[in-house]
Amino acid sequence: MRRELGMTVALLFMCLGLWLSNPDFLGQSNALNTVRQISMLGIYAVGIAFVIIGGGIDLSIGSVIGLTGVLIAKFSSPGAGGLGYSLWVGIPLGLGAALTVGILQGLLITRLKLQPFIVTLGGMLFIRGVSQTIVQGGTLSLAGSKLLNLANGGFWLHNGDPLIPYPFLIFVAVLAVATYVLHFTVFGRYVYALGGNRDAAAYSGVNVRGVETATYLISAGLAGVAGVCYAAYIGQMSQQVGVAYEMYAIAAAVLGGCSLRGGEGTVLGVLIGSAMMRVIDNGINMFQLNYQDADGIHRIWRLDPNWTFIIIGGVILVAVILDQVVHIVQDKRRIRRAADAALAASDAQQHSKAA
Amino acid sequence: MTQGAKTLLKMSGITKRFPGVIALSGVSLSLAPGEVLALMGENGAGKSTLMKVLGGAQSPDEGSIEVDGRAATLSSVRVAKSLGIALIHQELMLAPNLDIAANIFLGSEPGRGPLLRPLPAREMKQKAAALLSRVGLTASPSTQVSLLTAGQMQMVEIAKALALNARIIIMDEPTSSLTAGESEHLFQIIGQLKADGIGIIYISHRMEEVMVLADRITVLRDGKYVGDLTRAEATHDKVVAMMVGRELSHHYFPEKVERPPAEARLVVDHLLVQGAPLGVSFHALRGEILGFAGLLGAARTELMEALFGVTPALSGSMTLDGKPYMPARARDAIQAGVYLAPEDRKRHGLVLPMSVAQNTSLPNVSSYSRFGYLNREQERRVAGAEVERLHTKTPSIEQRVVNLSGGNQQKVVLGKWLAMTPRVLILDEPTRGIDVGAKAEIYRHMAGLAEQGITILMVSSDMEEIMGMSDRVVVMHERRIRGVLVRSELSQERIAKLMTGTREEGGQAA
């Protein structure tokens with residue numbers, strides 16, 4: 001919990017700083033949009049957290065998000081290129097495709113003992129190619145579809161915007177279920193055991209292959225749910241939707257305390273990590289310094305948007321470096337204390353023998 | 001089992017084949033309630049395979065198993081557990097990121113239902129606390145396992161077995177990573193388990209432990225059942241003779257010739273090593289084979305790792321040929337001519353997927369290159385010469401070492417150091433897992449190297465080897481040197497007493 005607490009404090013300071021520099025940061029429109037963005041990232045970051053805590057990795061989720069959206073657009077778009085079926089056809093098909101990807105990858109990893117990195121890298125490229133083939137290199141518009149309400153609609157209308165957007169509601173539901181499953185059920189315990197010591201889990205009679213397959217299924221399934229939201233949010237599906245999203249999810253999970261070695265991480269941490277990623281993203285646009293130059297003219301200094309990746313990368317590196325430094329210092333102290341204690345005990349033994 | 005007591009477990013005619021190997025051939029074993037059965041045999045005798053069969057991790061090709069007089073098919077770990085069979089592995093099988101309670105109930109969480117049922121956390125903590133008090137562990141059930149000592153983890157494993165209501169507990173080398181105090185505690189707990197009617201199969205190489213604990217000893221050799229001894233019948237020599245299949249002979253150890261006294265090469269003074277030796281001092285002469293005897297937990301390997309610089313010493317001093325020597329990393333030791341053939345040669349001694357030639361050149365590869373370009377010709381020549389010198393059996397020097405036998409792998413490790421100029425060669429368990437023929441060859445090479453003036457520090461848990469090879473023997477116990485015996489003083493009893501910490505006359509105090 002120490003890490004979650006630290007990240008929460010860092011996040012609050014970040015928000016405070018951004019608000020002071022630019023009050024629009026907490027203005028209704030920007031705040032709502034940021035919440036939407038956090039929610040959509042958070043949905044699939046929670047998914048990949050299952051895989052990462054179980055000791056695996058899933059690089060395919062960005063492509064799964066794209067595929068889900070493209071399938072919905074293809075089947076349910078009323079416009080050109082779409083087949084015009086109901087959303088009740090398109091959405092189940094999109095989600096079904098996502099789950100199929102998850103189960104296939106999970107089976108390849110657990111039955112054929114292939115490395116998750118390679119399987120999901122192959123999956124990432126393969127699925128991206130499928131999306132590309134479906135859209136034929138162009139875009140499919142969802143204009144006029146009721147699906148767009150999913151991103152823009154919600155409850156508690158205020159100045160024309162819903163204060164509780166649907167993606168946020170979905171995210172809250174995902175958080176609640178994931179917290180229950182990961183932290184309070186037998187299955188969740190097995191995911192941690194799998195990541196902590198796979199052999200121990202297997203020799204305790206845990207169905208490790210089943211549990212591991214399930215983590216990939218969860219990851220792909222939640223990527224599918226996020227894909228539905230993104231399709232609604234973007235409204236125009238092209239092969240580019242979802243590219244590199246897995247990197248944001250991995251970063252959010254790691255910032256939130258998941259270890260890529262497996263066995264560590266919490267749903268709360270993933271929530272904080274996702275929020276942090278999106279606040280940084282948004283903050284780069286929002287941050288500004290007002291000043292007067294030598295001529296007394298009022299000017300505004302802004303961050304160069306080209307620095308986006310430098311800043312995000314820097315934040316991730318600083319977070320993991322700090323975490324590791326704390327670990328090293330603690331380990332050193334522990335070893336020192338143990339050596340001192342052993343030496344003292346042994347000296348005492350010598351003295352008592354001499355006496 | 002002849003005493004007519006009811007039989008808890010009966011395995012008969014167990015055969016298990018692996019591609020190219022018959023791991024077990026018609027092995028039988030029986031166990032009564034409240035009995036401690038020691039299972040003994042050399043490496044590769046089939047003990048582990050037999051126990052994997054019993055634990056449900058491997059199914060036998062032939063043979064039958066009866067639990068409580070009823071035929072049982074142990075098709076999976078789960079089935080074995082449901083029949084009350086718990087296997088405690090040598091390398092403990094715990095999830096370090098989970099707490100004690102979670103580990104104890106891993107895979108057998110209370111309650112029934114689907115995997116998505118809620119975890120009965122409070123019930124687990126309460127039950128775990130009761131089990132912990134039964135095994136005499138005072139830690140809280142919420143303690144994360146990574147914070148425990150090896151001895152405490154062993155107790156968690158036993159608690160885990162008890163949580164299953166296990167009636168048969170298999171312990172594989174349980175004391176291998178325990179201190180003497182922790183082992184003592186384990187033996188007490190084993191006594192309690194016996195009193196509760198639990199049958200225990202105890203695998204150990206430590207004769208003295210077996211003699212104290214076991215009601216009966218079953219000996220395996222080369223995958224076959226050799227025989228049973230009751231505690232009354234068992235003597236050290238009898239058991240060893242059954243294990244190796246012949247009366248012991250010393251003939252494969254090279255003749256020791258008395259040599260004129262040589263000058264000191266390595267002098268170690270009050271060396272303090274992290275988690276290991278507490279201020280040890282000794283010296284080794286030129287051309288001497290200095291044996292290091294001790295039980296596991298004596299920290300001999302840790303001492304050697306400090307001499308080789310992989311875990312730098314915290315304090316103390318050393319000199320090598322009169323010059324100060326204090327390696328901060330392995331590189332320093334190698335530059336000074338101090339080389340280590342490590343205990344775990346597959347992990348620390350060799351890069352298994354690389355070839356014999358590549359492994360041989362590894363520590364010195366920069367000297368085979370010019371401007372970073374590797375001279376493969378020279379690499380091959382040197383590797384070829386070492387293969388020839390050590391009679392390494394390999395189809396070619398391009399062969400991957402993973403495909404070689406244990407003895408030949410050890411020769412590759414030796415070769416990689418002999419291709420350089422050793423002053424001190426540290427051999428940690430040089431013949432562990434190596435067959436008798438290759439053993440004799442390695443002994444011959446060791447004697448030859450010593451004759452050339454190379455100092456050999458040999459850590460060995462094999463008493464025969466210590467007695468047969470050493471010029472002098474340093475005996476360690478519980479991270480301290482308890483005595484140094486010269487050749488004329490060597491006797492098995494003396495070494496055994498020193499290394500179990502029994503204080504006696506004899507030996508120079510160190």
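Each chain gets a letter, A, B and so on, in the order its sequence line appears, and its residues count up from 1.
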* To do: Would you check if B:L83 and B:I168 make a side-chain contact, meaning some heavy-atom pair closer than 4.5 Å?
  => no
* **Flag if over 12 foreign heavy atoms under 6.0 Å of CD, A:Q115** => no
* Find out whether B:V53 and B:I65 are in side-chain contact, i.e. whether some heavy atom of one side chain is under 4.5 Å from a heavy atom of the other. => yes
* Close side-chain approach of B:L137 to B:V156, heavy-atom, < 4.5 Å -> yes
* Is B:K47 salt-bridged to B:D172, going by a charged N under 4.0 Å from an acidic O? -> no
* Any residues in residues 196-204 of chain A near chain B, with a heavy-atom distance under 4.5 Å, and which are they? -> A:G196, A:N197, A:D199, A:A200, A:A201, A:A202, A:Y203, A:S204
* B:L307 side chain near B:L271 side chain, heavy-atom distance below 4.5 Å -> yes
* Asked: Is there a side-chain contact between A:P116 and A:Y216 (heavy atoms, below 4.5 Å)?
  -> yes
* **Part of residues 169-191 of chain A lying next to chain B, heavy-atom separation under 4.5 Å** => A:Y180, A:V181, A:F184, A:T185, A:V186, A:F187, A:R189, A:Y190
* Are there more than 12 heavy atoms of other residues, nucleotides or ligands under 6.0 Å from atom CZ of A:R111? -> yes
* Which bit of B:A102 is near chain A, if near means a heavy-atom gap under 4.5 Å: side chain, backbone, both or neither? -> both
* B:R78 CZ to B:K81 NZ distance, which is reported to the nearest 0.5 Å -> 6.5 Å
* Evaluate whether atom NZ of B:K52 has more than 12 neighbouring non-hydrogen atoms of other residues, nucleotides or ligands under 6.0 angstrom away. => no
* **Qualifying residue, where the test is side-chain contact (heavy atoms from CB on, under 4.5 Å) with A:I57 and the options are A:I109, A:L121, A:I250, A:V119** => A:I250
* Structure fact -> Interface check, chain A: of B:L98, B:N97, B:L94, B:L87, most non-hydrogen pairs under 4.5 Å belong to B:N97
* To do: May I ask you to name which of A:G262, A:G210, A:G205 has the most heavy-atom pairs under 4.5 Å with chain B?
  => A:G205
* **Under 4.5 Å from any heavy atom of chain A - which part of B:S108** => backbone
* Asked: Should we say atom CZ of A:R261 is surrounded by more than 12 heavy atoms from elsewhere, each under 6.0 Å from it?
  -> no
* Asked: Given that the side chain runs from C-beta out, which part of B:I88 has a heavy atom under 4.5 Å from chain A: side chain, backbone, both or neither?
  -> neither
